[in-house]
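Worksheet for the structure shown next.
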Amino acid sequence: MLEFTVLASGSSGNALYIRTDRVQVLLDAGISGRQLQQRMRAAAGAEWAGLDAVLLTHEHVDHVRGLRQVLRSCTAPVYATEGTWHEVAAADSAAAEESGRVHRVRAGEGFSIGDLRVIPFAVSHDAEEPVAYRFDTDGASLAVVTDLGYMSDGIKSVIQGCDAYVLEANHDVEMLRAGRYPWSVKRRILGDKGHLSNDDAAFALLDVLADRRVDVYLAHLSEENNLPELAELTVSSALGEMGVDCLERVRLHRTSRREATRLHRLGCGDMEYDGRDHNKESERANG
Ligand SMILES: [Zn+2]
Ligand SMILES: [Zn+2]
């Protein structure tokens with residue numbers, strides 16, 4: 001069994017909570033400590049004290065904003081690349097004091113946290129040694145891939161055939177080009193070390209989707225240069241054109257900067273949910 005909720009997603013903050021039968025993991029802590037705690041409780045009934053690991057993708061503030069508070073309130077080890085931790089510690093002296101509990105992660109070298117197998121892989125992004133992760137338990141797999149300029153064949157082979165994806169669909173290229181960002185910022189976002197566009201996400205999916213039902217959470221959407229409807233439409237039409245049915249085979253879900261997604265359970269036969277009420281946005285997204 002593998003359960004996860006996207007606690008926050010977007011350029012204002014990113015975090016994911018994952019649990020298996022035996023362990024609980026936080027992936028990034030990019031919103032305020034207060035928000036992080038509230039959303040973990042509300043979506044999964046989980047507390048910081050119960051965490052078995054805190055994993056980091058990279059040092060950008062939208063991924064580590066609440067890290068200091070999390071570390072203060074739990075004893076879980078931190079998993080980060082040498083480069084990521086170097087940058088985090090350089091920017092935050094309180095975090096630097098926690099260096100003793102940091103496990104150094106290397107791209108391509110898998111490791112286990114209890115019954116959760118973790119594969120970090122390198123991504124092209126304007127950070128110091130950034131990674132993204134694939135998670136596997138017996139019977140369930142999830143890849144979380146955001147903050148990358150392009151999807152390499154190497155990454156595609158690592159994330160091939162997962163049951164669920166949290167995948168970056170950062171911007172609509174036309175909205176970004178026509179928008180009010182300075183050209184230097186546009187160039188950064190569109191560049192090799194920037195972010196995946198809606199089209200990039202669609203093309204990547206076409207190459208990695210398993211031949212069965214898959215759940216895809218479109219993530220890290222730009223508030224300025226994208227719309228949830230547009231991201232969904234772009235991805236579903238591209239998949240549809242290639243013969244992939246977005247109602248039957250691929251279920252697209254929204255993520256939000258403002259609230260956590262419903263706890264999603266993988267690996268127990270059909271999808272199961274926790275039965276809580278959920279808001280209109282996720283209702284629509286779950287279709
Ligand atoms: Zn980010
Ligand atoms: Zn980033």
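All ligand and atom numbering here is 1-based and tracks the order in the structure.
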Assess the pair H125 and H58: is the distance between their ring centroids shorter than 6.0 Å? yes
How about Y217 and H264: are their ring centroids closer than 6.0 Å? yes
Compute the ring centroids of Y79 and F111, then answer whether they are less than 6.0 Å apart. yes
What's the NE2-the Zn ion (ligand 2)-NE2 angle here (H58, H125), rounded to 10 degrees? 100°
Contact check: H195 to the Zn ion (ligand 2), N/O/S below 2.8 Å: no
Test item: side-chain donor near acceptor, N170 and N226, under 3.5 Å: no
Assert yes or no for the condition that the ring centre distance of H171 to H220 is strictly below 6.0 Å. no
To the nearest 10°, what's the angle at the Zn ion (ligand 1) between atoms NE2 (H63) and OD2 (D62)? 90°
H220 near the Zn ion (ligand 1): N/O/S under 2.8 Å: yes
Here the N/O/S atom of H60 closest to the Zn ion (ligand 2) would be ND1
Shortest-distance N/O/S atom, D147 versus the Zn ion (ligand 1): OD2
